[in-house]
J.: 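This is the structure, below, for whatever I ask next.
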There are 2 protein chains.
Amino acid sequence: MASTASTEHRTDPAWLPAAAFRPLGARRVRVAGDGPLVGTVRAEVAAAVAGHGGALVADGPVDLDLVAADGDGEAFTVERTGGTTIVRAEGGPGLLYGLHHVVRRGEAAFDGDLPAERHAPRRAIRMLDHWDNIDVDPLMGQVERGYAGGSIFYADGGVRADLGRVAAYARLLGSIGVNRVALNNVNVHRTEARLLTDLLPDVARLAEVFRPHGVAVHLSVGFAAPITLGGLPTADPLDPAVREWWERTTAAVYAAIPDFGGYVVKADSEGQPGPFAYGRDHADGANALARALEPHGGTVFWRAFVYDHRQDWRDRGTDRARAAHDHFAPLDGAFDDNVVLQVKYGPMDFQVREPVSPVFAAMPGTRLAAEFQVTQEYTGQQKHVCHLVPQWSEVLGFGLRGGEPVADLVDGVVAVSNVGDDEFWTGHPLAQANLFGFGRLAWDDRLDPAAVLDEWIGLTFEDPSVRGPLHEVLDGSWHTYERYTAPLGVGFMVNPGHHYGPSVDGYEYTQWGTYHFADRDGVGVDRTRATGTGFTGQYPAPWREVYESVGSCPDELLLFFHHVPYDHVLRSGKTVVQHIYDAHFAGVEEVGRMREAWATLEGRVPAALFDRVTALLAEQARCATEWRDQVNTYFLRKSGVPDERGRRIF
Amino acid sequence: MASTASTEHRTDPAWLPAAAFRPLGARRVRVAGDGPLVGTVRAEVAAAVAGHGGALVADGPVDLDLVAADGDGEAFTVERTGGTTIVRAEGGPGLLYGLHHVVRRGEAAFDGDLPAERHAPRRAIRMLDHWDNIDVDPLMGQVERGYAGGSIFYADGGVRADLGRVAAYARLLGSIGVNRVALNNVNVHRTEARLLTDLLPDVARLAEVFRPHGVAVHLSVGFAAPITLGGLPTADPLDPAVREWWERTTAAVYAAIPDFGGYVVKADSEGQPGPFAYGRDHADGANALARALEPHGGTVFWRAFVYDHRQDWRDRGTDRARAAHDHFAPLDGAFDDNVVLQVKYGPMDFQVREPVSPVFAAMPGTRLAAEFQVTQEYTGQQKHVCHLVPQWSEVLGFGLRGGEPVADLVDGVVAVSNVGDDEFWTGHPLAQANLFGFGRLAWDDRLDPAAVLDEWIGLTFEDPSVRGPLHEVLDGSWHTYERYTAPLGVGFMVNPGHHYGPSVDGYEYTQWGTYHFADRDGVGVDRTRATGTGFTGQYPAPWREVYESVGSCPDELLLFFHHVPYDHVLRSGKTVVQHIYDAHFAGVEEVGRMREAWATLEGRVPAALFDRVTALLAEQARCATEWRDQVNTYFLRKSGVPDERGRRIF
């Protein structure tokens with residue numbers, strides 16, 4: 001792609017190296033149709049055939065026929081007959097997705113016959129949120145919870161002049177079917193607020209870069225923008241002047257960016273302003289913005305992450321896990337059609353293990369999106385290998401309401417991006433697989449995570465012999481991370497603030513509502529209806545009963561729902577405390593095996609990538625050992641129960 | 001003072017308000033002698049008599065006769081006979097100190113007869129170290145461990161243009177006999193390193209401001225300055241080029257500031273460079289600088305705060321408390337005469353309670369200074385009232401070696417200043433009493449802390465009725481702070497990094513060597529020779545035996561020296577765990593009584609000061625309650641022992 005040439009020498013091609021286009025590039029290919037996305041497809045094909053000896057032809061016999069109908073259809077049909085592979089797309093985006101379907105298949109796309117097979121995304125909303133700031137925060141850096149360098153969008157106090165890197169990113173997103181991106185942090189600071197107004201021409205420049213890849217841009221906006229940007233005395237969502245300000249401001253956005261996607265809003269959360277200040281509810285708040293967007297076809301993504309972040313740790317009655325359901329379930333049906341309530345996958349905050357949020361089952365009259373973190377805030381911060389696609393697959397496939405999986409209860413899948421200006425995009429090169437897998441799963445949640453990973457490996461690496469070791473490193477890495485960190489779903493136990501590394505009591509006496517209540521006798525949070533916070537009652541049957549009972553609660557969530565003695569015997573047959581010891585020793589051993597598997601890849605993957613991963617695995621081993629020793633020591637000191645196997649605990 | 005006029009309107013006069021000069025200012029006063037300090041005394045008297053109706057006269061009968069001999073003598077004799085109070089000073093500094101002696105006495109200085117009484121400082125070195133930086137650190141602010149705003153010395157990337165505030169500070173220091181000040185942080189960063197070279201003209205400006213108050217300026221320097229500033233390939237203290245660089249650089253300093261005091265050095269400590277890198281010891285390092293200073297009469301203050309700050313918490317064999325003695329005691333006798341080894345009062349780091357450092361007893365052939373923190377890093381950060389003068393008095397009076405008090409084992413008393421550009425100088429207005437008290441105790445460690453506080457109250461406040469309530473607030477505040485924070489000398493239990501507020505396990509699994517080893521059975525650090533780290537062996541008799549035995553170890557240091565079960569009975573008759581509960585409940589109750597006493601002062605102290613202290617006492621009460629509840633909950637959960645009195649623990 002011409003637009004990425006300026007940065008190709010210093011950035012990793014991720015899953016779209018030239019070699020990935022070899023099968024297609026060696027063929028005769030026709031591209032038929034009109035519009036910007038068809039143009040993108042044509043340019044991709046032109047570049048591929050130029051590099052690999054094929055040809056882009058206008059007629060005559062072809063190996064690959066890429067045909068797009070007019071419009072914005074995202075689906076495509078692929079078949080192979082008479083030696084020609086034919087992609088018939090229902091619109092420009094469908095053609096782009098069809099092209100990359102063929103790229104992913106590789107040589108197999110040109111082999112034998114294939115009956116017509118229609119591919120359509122399982123949902124219209126497949127989105128990445130960037131928590132990027134223009135200004136660099138001395139503590140958080142430029143990207144909040146970002147672990148891959150600075151922002152690819154912003155530098156030197158504004159939108160970058162050179163958007164070559166953004167173009168390469170847009171191309172990566174288009175290739176996996178991501179069709180929406182939010183450009184700035186949901187915590188909207190002063191400078192970033194101006195993206196909505198005087199920096200709008202720069203947002204339009206970004207939109208131009210994303211548009212050819214089928215990606216619509218969004219802005220995070222502050223609920224108080226009518227005051228802070230508009231100079232009004234109030235941001236009351238029912239105030240006519242406020243509504244008029246949002247309408248006028250939004251019309252100006254659409255005048256500059258006709259296909260603008262909409263707004264993302266974190267309101268009344270962790271200090272952000274919101275409708276509560278005016279005695280209004282979140283439906284009032286969301287609808288005010290929705291009505292400004294509606295004439296232009298835009299959407300409000302309203303986050304359900306609302307809880308008391310000034311909780312008193314002494315107060316056992318308040319349960320942060322209840323907050324989203326308590327706040328939002330009563331509002332079901334009150335939100336406009338162009339509001340999407342963005343719900344974190346679990347009731348707390350992107351822990352390695354949480355139960356699925358009961359909100360997904362509680363709001364049939366509201367459009368919902370499930371929110372994940374591709375960025376690894378609590379899962380190793382892209383210093384640790386933690387392949388999260390299995391987690392997302394498990395959540396989306398979870399039969400929450402009458403057996404209906406979460407995937408069928410939501411209109412969208414949204415995640416926080418893990419990308420920055422690091423040469424490998426994601427800091428840890430293997431974290432690219434999370435970004436790739438997110439897009440693939442957002443397109444079709446029924447895909448097998450291991451198969452998706454296999455696609456990523458095949459595209460990214462030339463040498464087919466790397467598959468085995470890479471699966472060994474990545475496949476089980478989520479469970480490995482779970483084993484050596486906080487046990488049995490209890491969560492947190494991280495260092496406060498930055499959230500890297502262990503601190504068992506780090507959040508125990510804080511305002512954040514994140515406690516484990518370990519004492520000399522036991523550990524865990526009683527969230528039952530019978531004796532606890534009643535959170536289990538937010539679930540539909542059968543989960544309200546499954547989670548209520550210690551006997552039926554899954555082991556991996558036991559401490560999320562129950563406070564149990566250390567000698568409580570898990571369904572696995574182990575006591576809780578012995579499980580803690582065993583899991584932590586096992587987790588560290590597994591990291592050792594990951595390192596061994598990785599070491600075999602020297603010379604078979606690019607040297608810079610090999611070295612980066614090797615160094616990060618050493619840090620992962622160090623940090624996992626620290627987790628093991630701190631958690632095991634903490635529970636040995638507290639419980640007094642020795643390890644059955646007599647291993648060294650400090 | 002003319003030089004302070006520009007800032008008087010916005011800064012608190014501290015203990016030198018105009019009213020404090022009323023008794024003297026209403027009299028006929030003669031000032032005889034020459035030199036800059038005599039000039040300062042004359043200006044003070046001129047200002048006082050102008051405001052209060054007295055007269056500065058050259059001859060004739062006088063009420064107060066201030067007579068200085070030539071030279072730098074610091075002592076003075078005061079007597080009163082025939083209606084005249086006569087101060088005969090042995091030099092300019094002595095006259096200044098004699099003047100302020102008269103000011104402190106107030107009307108009593110002019111009442112009845114007084115036989116001649118000689119006052120001389122107990123030691124020549126009475127010093128305040130500023131941990132001020134030129135550049136503002138995003139985490140630490142401008143003053144490292146400073147809790148009173150920015151630096152009074154630096155602004156906008158350099159030394160302030162307007163040094164009016166510095167002049168007022170120098171006047172305050174002169175009035176209490178402090179005669180040395182270090183101008184910059186012992187952690188010497190890039191910009192601040194240049195104070196030694198190209199910013200030297202600005203240091204000379206500061207020296208000019210301090211000089212009339214008898215205060216010599218010092219710079220903290222980096223051991224690697226020959227490399228970083230000099231461009232040499234090494235900072236090896238035995239390298240001739242390095243020595244030549246220090247000689248040349250130091251000569252340039254003295255050319256600009258003939259009465260420059262010397263250098264302060266933190267070497268091989270917490271990441272600072274030092275002689276270890278070159279296979280040299282600390283005597284080699286200190287002496288290299290000492291020899292450059294010696295021809296000019298300068299002194300090296302070499303900090304003994306050297307320990308392994310990358311310790312493994314799993315390693316029970318390493319004991320940070322041992323470090324200063326282990327590193328320095330073997331070097332006794334090896335330091336040049338113009339080296340002063342600056343030793344923190346306790347073996348750890350400025351905790352509210354530590355045993356006295358055994359280093360004071362171990363180095364009879366070395367000049368030593370005891371280092372305190374007037375800045376309240378671990379003692380409430382000038383949000384809490386914590387009057388520390390009784391702590392310093394206790395340490396200086398402690399009979400460490402053959403009954404000899406620490407005060408007699410040291411040549412100097414040094415403290416980290418608690419001053420910033422806050423309008424009250426010290427953030428908490430009552431923390432001024434610590435600064436005042438430090439100076440007075442440095443002059444004479446045998447002064448009664450309550451009497452010193454009484455002097456401060458008398459100078460600072462006009463209304464004599466405030467004495468009682470102020471004593472009630474301040475007198476016992478050190479012990480109150482001790483009661484509601486870490487128990488029985490165990491220390492730390494603070495939030496890592498910033499060190500404010502409780503975190504019982506905050507430092508338990510870190511690299512810093514600061515552990516309490518609490519488990520379900522007991523708590524404390526075994527530092528005995530019999531079964532622990534052997535730290536007790538660093539003490540001379542009788543302390544090596546007193547501390548070694550659980551039976552003889554003082555309660556307040558029990559957990560510093562011993563790991564004991566929770567049901568261990570203290571000399572007080574209470575169990576350890578019951579003591580923890582009781583002390584924490586008592587501490588919070590005492591804060592309540594402090595607030596009540598303070599509340600009675602409304603209308604009797606300036607309104608702005610009243611409001612500031614009232615607000616800070618509310619924060620102290622909140623934070624003390626947090627300490628109480630976190631510490632008590634932690635130990636209840638761990639020990640399982642209920643409070644005998646059935647009070648609420650969470």
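A, B, ... follow the sequence lines: proteins, then strands. Residue 1 opens every chain. Since the model is a prediction, treat every value here as computed from it, not as a measurement.
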J.: Within a radius of less than 6.0 Å around CZ of B:R647, do more than 12 heavy atoms belonging to other residues, nucleotides or ligands occur?
T.: yes
J.: Let me know if A:D629 has heavy atoms under 4.5 Å from chain B in its side chain, its backbone, both or neither.
T.: both
J.: Got a donor-acceptor contact below 3.5 angstrom from the A:R314 side chain to the B:F650 backbone?
T.: no
J.: Pick whichever of B:D521, B:L139, B:T633 has the most heavy-atom pairs under 4.5 Å with chain A.
T.: B:T633
J.: Measuring heavy-atom distances to chain B, does A:E508 have an atom under 4.5 Å in its side chain, in its backbone, in both, or in neither?
T.: side chain
J.: How long is the span from the CG atom in B:N495 to the OH atom in A:Y509, to the nearest 0.5 Å?
T.: 13.0 Å
J.: Please indicate whether B:E644 has more than 12 foreign heavy atoms, meaning atoms of other residues, nucleotides or ligands, lying under 6.0 Å from its CD.
T.: no
